[in-house]
> 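First the structure, then my questions, so here it is.
Convention: sequence-line order gives letters A, B, ...; per-chain numbering from 1. These numbers come from the heavy atoms of this one structure, side chains and all, not from hydrogens, waters or symmetry mates.
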Amino acid sequence: MLDKNYDPKEIEARRYPEWESAGAFRADPGSAKPPYCIVIPPPNVTGSLHMGHALDNTLQDVLIRWRRMKGDDALWQPGTDHAGIATQMVVVRNLEQEGIGLAVEGAGKTDANKKLLTREEFLEKVWEWKAFSGGTITGQLRRLGASCDWSRERFTMDEGLSKAVLKVFVDLYKAGLIYKDLRLVNWDPKMLTAISDLEVESREVKGSLWYFKYPIEGASDEFIVVATTRPETMLGDTGIAVHPDDPKWKHLIGKHAVLPLVGRRIRIVADEYSDPEKGSGAVKITPAHDFNDFEVGRRHDLEAINIFDKFACVNDSAPEKYRGLDRFDARKKIVAEMEELGLVEKIEPHTHAVPYGDRGGVPVEPYLTEQWYADAKKLAQGPIEAARDGRVKFVPERGRDEFFRWMENIQPWCVSRQLWWGHQIPAWYGPDKKVFVELTEEEANAAALKHYGKEVALERDPDVLDTWFSSALWPFSTLGWPDKTPELAKYYPTSVLVTGWDILFFWVARMMMMGMHFVKEVPFRTVYLHGLVTDEKGQKMSKSKGNVIDPLELIDKYGADALRFTMTSLAASQAGRLRLAPARVEGSRNFATKLWNATRYAEMNGAALPKGFDPAGAKLTVNKWMLGELARANATIDRALADFRLNEASSALYEFIWGIVCDWYVELTKPILQGADGPDKDETRAVTAFVLRETVKLLHPVMPFITEELWDKLGHRAEHGALIGQPWPLPAALDPAADAEMGWLVKLISEIRSARAELNVPAGAKLKMLVVGGDGTTAKRLGTHRAAIERLARIDGIEAAPAAPKGALQIVVGEATYALPVTDVIDLKAEGARLQKEIKKLADEVGKIDAKLGNAAFVSRAPEEVVEEQRERRNQADQTRARLSTALERLGA
RNA sequence: GGGCGCGUAGCUCAGCGGUAGAGCACUGUCUUGACAUGGCAGGGGUCACAGGUUCAAUCCCUGUCGCGCCCA
């Protein structure tokens, strides 16, 4: 006998290891089953599970478990990401607590006695950290119920994947698709590395717009006014741009200004980049520290003077008094000095977007350095075509437009990072800086020998690759590429990629590039994109806001199934954010309890499946109807999952299990199960058991734990093995006659209940029911369902009568009127009002439909079925209205 | 500035050409031999606003206003 309450904790802890050790998550490339593969978006190896993971992985697991049951050879490829910058940051922070730093340039500046780690020593520490915390996230995914094939777990820095990374780099280099270039990058002065455009987030900052007067050369009292949000960059100004048609400044084009504080002579150029409407209309040009200025500078051959070092402190290119100042201190000093010189025209408050490094959290500095770039434009061509011709689909479809928008305007991808943790770039430099890009040091040496004609000492490039570089290979590197493995042959292209909108560009786009280039095929057939989980107010969850909801806490409190069900229900939202109200998780937990208790009820009533039971042979209407509803639910759920409408699947499950099985089927069949033994009871016990058995299958992808447990408790495990490996139920045929009859029954019972409640008839009072005007079909139905009606509507005795007695409660269903005489006098006024309300509602409906049908355009233009349906509805409503009117008259009689 | 999404019950959200729905909250009632993490019944909505298309618009189109995201 089942306990009264479902205890997720105990069951989850037991079931998961059972599945895993039985190999239930294992894919089998040797099997003849069709492949279905999802590669997990690899979480940071040292991270922990947050709500976004809970959502993303629930959706993946629902799909994987469903396809596994549908008969596919399902592979959910798991693994973790080394997360270069994020992990390095964490380890550095940990080391700082112990007073240890990194032996990088400038590290001893503040504390000469600080212990400094070499690159090798530091990497050892990172690997230690990985070993220590690396199992956290995968353990948490297990708690969620994720059915990944853990026997195939990979890590972006394991041997095989590192091999793939090197090969990709070398091949792309040799194909001219990776190159070294000197250009502006987004420099993070805190992390001391270049970062890609995508790692920059702009924040609205309240700052100022300074209007500086630059004297015109040879005209002591003439000035050109430039407006800037970054006064400190003036140390690097090498020009001024004005719009060619700007009447205010046009006359100065070609002349020179003298840069205050520095004394440099700078040219005034005409360029459409400057907007006469903005600021002063003249723009100071700092090619080395602004992306737009860089372009302007290139157009007009202006010098790019780098005025900062890598810490964003002023360097030796600036006048001595500014050297060594931090960029913000330099700003203060420069503004103060300009003011002293009377060269500040005005200062306006100004809100503008400032680029911040998403990891370091400080403003990034456009910085002129040599970095490695991938030719994203060329690599994007294959993906663009694949998205255009439908080889890859997006759900929702607008993902495709977003994808194009990005891919068609793509910039060179800066792939080098000045970090230690990551894949070190396989490039070696000779004494003359000649670069040799090879898979190994030996090959580089060989190439150098060939080039120089003698052995020379090579120095390896210290930089590592952007983390997203290895992530971009994930769909094929995890399957064994560059080796020709059976996995690669069978599972690539993978079936679907499930991820958030936020990494469409970071990751999805780059996987497309690398997959198309190296495997000549899309990495996945469908990209299923979902929103960002926020708190219930729509605020992004963050530690600083203190509004973080921990999925593990929800699992502890309500169970993994409840969290999963909630996540699945949330998945639909077309909005970019999914607001999570914790009350929903509680509701999902209640749903689990409901199913648990329905099963408990079935068990108590001897529900069992006889050997060789054939549901098609059911004879009782209620059972035929129930089986039809099961088939309907199956079809709805199956269709919804196939179309990635996971929320529809979960609401169909909820409605079916709670609304149909528990609210109606169980209640309607109680008189049978609790009545005398016989064929009806046997059949109902069998159908109850059958429906529950199929139900746990349908629910399993969303709520795997409770369903596996119930499957076992219902006794199916002994015979068929674990639920996770069961085939998905085949849909059965519907029985329209049973449907109609049960529809009538449900309506009758509901109407009686409603009338009783409105008239305040005590819930315990049993009333006699007199049937007036029922035809043969109704009489037959009443006979069939007498016990159910008596029980559910609290009726004691059903009889035919020529007319309703005085002072009875009356309802109309179909062609019959049902009178319920109340022992005590009922409140005639209240009953009259109730009937009048019903009559009015129906009369209004009839009126509305009449107006429609009276409209010649409607009758002639609307489809015939629609018109017919309206007529039908009108007549039904009108007949019921007429009967209720009669009932109202009798009431007063 | 450009692009996109969202404004539906008190709250969180489905629905997206022809009867406005769910969960939570709320009201009344019921310890009925599965379940009070429950049953039964009920109240609550000019589907943001204004035009347009259509026989018919919450749904399609245009604009306005609010909110959010992405890209500059």
> What contact category does A:Arg756 fall into here, base, sugar-phosphate, or nothing, at under 4.0 angstrom with non-hydrogen atoms?
nothing
> Can you check the A:Glu868 CD to B:G18 P distance for me, whole Å?
18 Å
> Taking the six-membered ring of A:Trp711 as reference, does the cationic atom of A:Arg693 (NZ for Lys, CZ for Arg) lie under 6.0 Å from its centre and within 45° of its axis?
no
> Touch check for A:Tyr6, heavy atoms < 4.0 angstrom, all strands: base, sugar-phosphate only, or nothing?
nothing
> Please report the distance separating the P of B:A14 from the corresponding atom of B:C26, rounded so that it comes out in whole Å.
24 Å
> Sort out the partner of B:U32 for me: Watson-Crick or G-U wobble, both distances under 3.5 Å, none otherwise.
none
> Counting side-chain heavy atoms from C-beta on, which of B:A34, B:A14, B:C13 comes nearest to A:Gln674?
B:A34
> Measure from CD on A:Glu648 to C1' on B:A22 and round the result to the nearest Å.
13 Å
> Just to be sure I understand the rule, does A:Pro762 reach a base, reach only the sugar-phosphate, or reach nothing, if contact means heavy atoms closer than 4.0 Å?
nothing
> Atom CD of A:Glu865 to atom C1' of B:U19: distance rounded to whole Å?
17 Å
> Within this structure, what is the CD-to-P distance between A:Glu201 and B:G68, rounded to whole angstrom?
17 Å
> Nearest-Å distance, CD1 (A:Ile749) to P (B:A41)?
10 Å
> What's A:Val859 touching, base or sugar-phosphate or nothing? Going by heavy atoms closer than 4.0 Å.
nothing
> Let's see if you can work this out: which of B:A34, B:U37, B:U12 has an atom nearest to the side-chain heavy atoms of A:Arg589?
B:U37
> Kindly indicate whether the side chain of A:Arg794 and the base of B:U32 share any N or O donor-acceptor pair separated by less than 3.5 Å?
yes
> Write down the partner of B:A22 under the Watson-Crick or G-U wobble criteria, each distance required to be under 3.5 Å.
B:U12
> Using whole Å, what does the distance between atom C1' of nucleotide B:U37 and atom CG of A:Leu595 come to?
13 Å
> Just N and O in the side chain of A:Asn590: are any of them under 4.0 Å from OP1 or OP2 of B:G38?
yes
> Quick check for you: among B:A41, B:A34, B:G39, whose closest atom lies nearest to any side-chain atom of A:Asp663?
B:G39
> Start at the 5' end of RNA chain B and walk down; is the nucleotide closest to A:Ala857 or to A:Pro863 reached first?
A:Pro863
> For A:Trp406 and B:A72, give me the distance from atom CH2 to atom C1', rounded to whole Å.
12 Å
> Among the nucleotides B:A41, B:C35, B:G2, which one has an atom lying closest to any side-chain atom of A:Arg405?
B:G2
> When the P atoms of B:G63 and B:C4 are considered, how many whole Å apart are they?
11 Å
> On RNA chain B, check which nucleotide each of A:Arg600 and A:Phe505 is closest to and give me the residue with the more 5' one.
A:Arg600
> Could you measure between the two P atoms, the one in B:G15 and the one in B:G21, and give it in whole Å?
16 Å
> Test side chain to side chain donor-acceptor pair (under 3.5 Å) on A:Thr669 and A:Thr684; report intermediate values, then the result.
CA-CA 7 Å; A:Thr669 53; A:Thr684 303; over 6 Å; no
> Which value, in whole Å, describes the distance between the C1' atoms of nucleotides B:A20 and B:U62?
25 Å
> Would you call the rings of A:Phe565 and A:Tyr654 parallel, tilted or perpendicular, where under 30° means parallel and over 60° means perpendicular?
tilted
> Who is the Watson-Crick or G-U wobble partner of B:G1, with both distances under 3.5 Å?
B:C71
> Check for me whether A:Arg400 meets the cation-pi criterion with A:Phe394, that is, NZ or CZ under 6.0 Å from the six-membered ring centre and within 45 degrees of the ring axis.
no
> Are the charged groups of A:Lys841 and A:Glu838 less than 4.0 angstrom apart, N to O?
no
> P atom, B:A22 versus B:G43: distance in rounded Å?
12 Å
> May I ask you to verify if any side-chain N or O of A:Trp658 is less than 4.0 angstrom from the OP1 or OP2 atom of B:U37?
no
> Looking only at atom P, what distance separates B:G44 and B:A56, rounded to whole Å?
30 Å
> Tell me whether A:Lys670 at atom NZ has more than 12 heavy atoms from other residues, nucleotides or ligands lying less than 6.0 Å away.
yes
> Of the listed nucleotides (B:A34, B:G23, B:C4), which one gets closest to any side-chain atom of A:Glu402?
B:C4
> Work out how far the P atom of B:G23 is from that of B:C30, and round it to whole angstrom.
23 Å
> Walk me through whether A:Glu553 and A:Lys557 qualify under salt bridge (charged side-chain N to carboxylate O under 4.0 Å, His left out).
CA-CA 6 Å; A:Glu553 278 176 26; A:Lys557 197 162 171 199; over 6 Å; no
> Remember a base hit wins even if backbone is also touched, and classify A:Ser754 as base, sugar-phosphate or nothing at under 4.0 Å, heavy atoms.
sugar-phosphate
> Tell me the partner of B:G17, counting only Watson-Crick (N1-N3 plus N6-O4 or O6-N4) or G-U wobble (N1-O2 and O6-N3) with both under 3.5 Å; none if nothing fits.
none
> Using only modelled atom types and a 3.5 angstrom limit, is any donor from either the side chain of A:Glu667 or the base of B:A34 paired with an acceptor on the other?
yes
> Does A:Arg871 pair with A:Glu868 as a salt bridge, N-O distance under 4.0 Å?
yes
> Output the single nucleotide from B:U12, B:G43, B:C35 whose closest atom is nearest the side chain of A:Arg579.
B:U12
> Between B:A9 and B:U27, how far apart are the C1' atoms? Round to whole Å, please.
15 Å
> Choose from B:A34, B:C70, B:A41 the nucleotide whose nearest atom is closest to any side-chain atom of A:Ala598.
B:A34
> Using both distances under 3.5 Å as the test, list the Watson-Crick or G-U wobble partner of B:G7, or none.
B:C65
> Expressed as a whole number of angstroms, how long is the span from A:Glu864:CD to B:G18:P?
18 Å
> Please determine if a side-chain N or O atom of A:Lys594 lies less than 4.0 Å away from the OP1 or OP2 oxygen of B:G23.
no
> Kindly point out which of B:G2, B:G18, B:A34 is positioned nearest to the side chain of A:Tyr601?
B:A34
> Any donor-acceptor pair under 3.5 Å between the side chain of A:Lys4 and the base of B:C35?
no
> Of all the nucleotides listed (B:U12, B:C4, B:G43), which has the minimum atom distance to the side chain of A:Arg398?
B:C4
> May I ask you to evaluate whether A:Lys670 reaches the phosphate of B:U32, defined as a side-chain N or O under 4.0 Å from OP1 or OP2?
no
> Just checking A:Glu655: base, sugar-phosphate only, or nothing, at a heavy-atom cut-off of under 4.0 Å?
nothing
> What is the base-pairing partner of B:U46, counting Watson-Crick and G-U wobble geometry with both distances under 3.5 Å?
none
> Looking only at the side chain of A:Ala763 (C-beta and beyond, no hydrogens), which of the listed nucleotides B:C13, B:U37, B:C30 gets closest?
B:C30
> Indicate the ring-plane relationship of A:Phe505 and A:Trp406, choosing parallel, tilted or perpendicular according to the 30° and 60° boundaries.
parallel
> Can the positive tip of A:Arg183 be found less than 6.0 Å from the middle of the six-membered ring of A:Phe294, inside 45° of the ring normal?
no
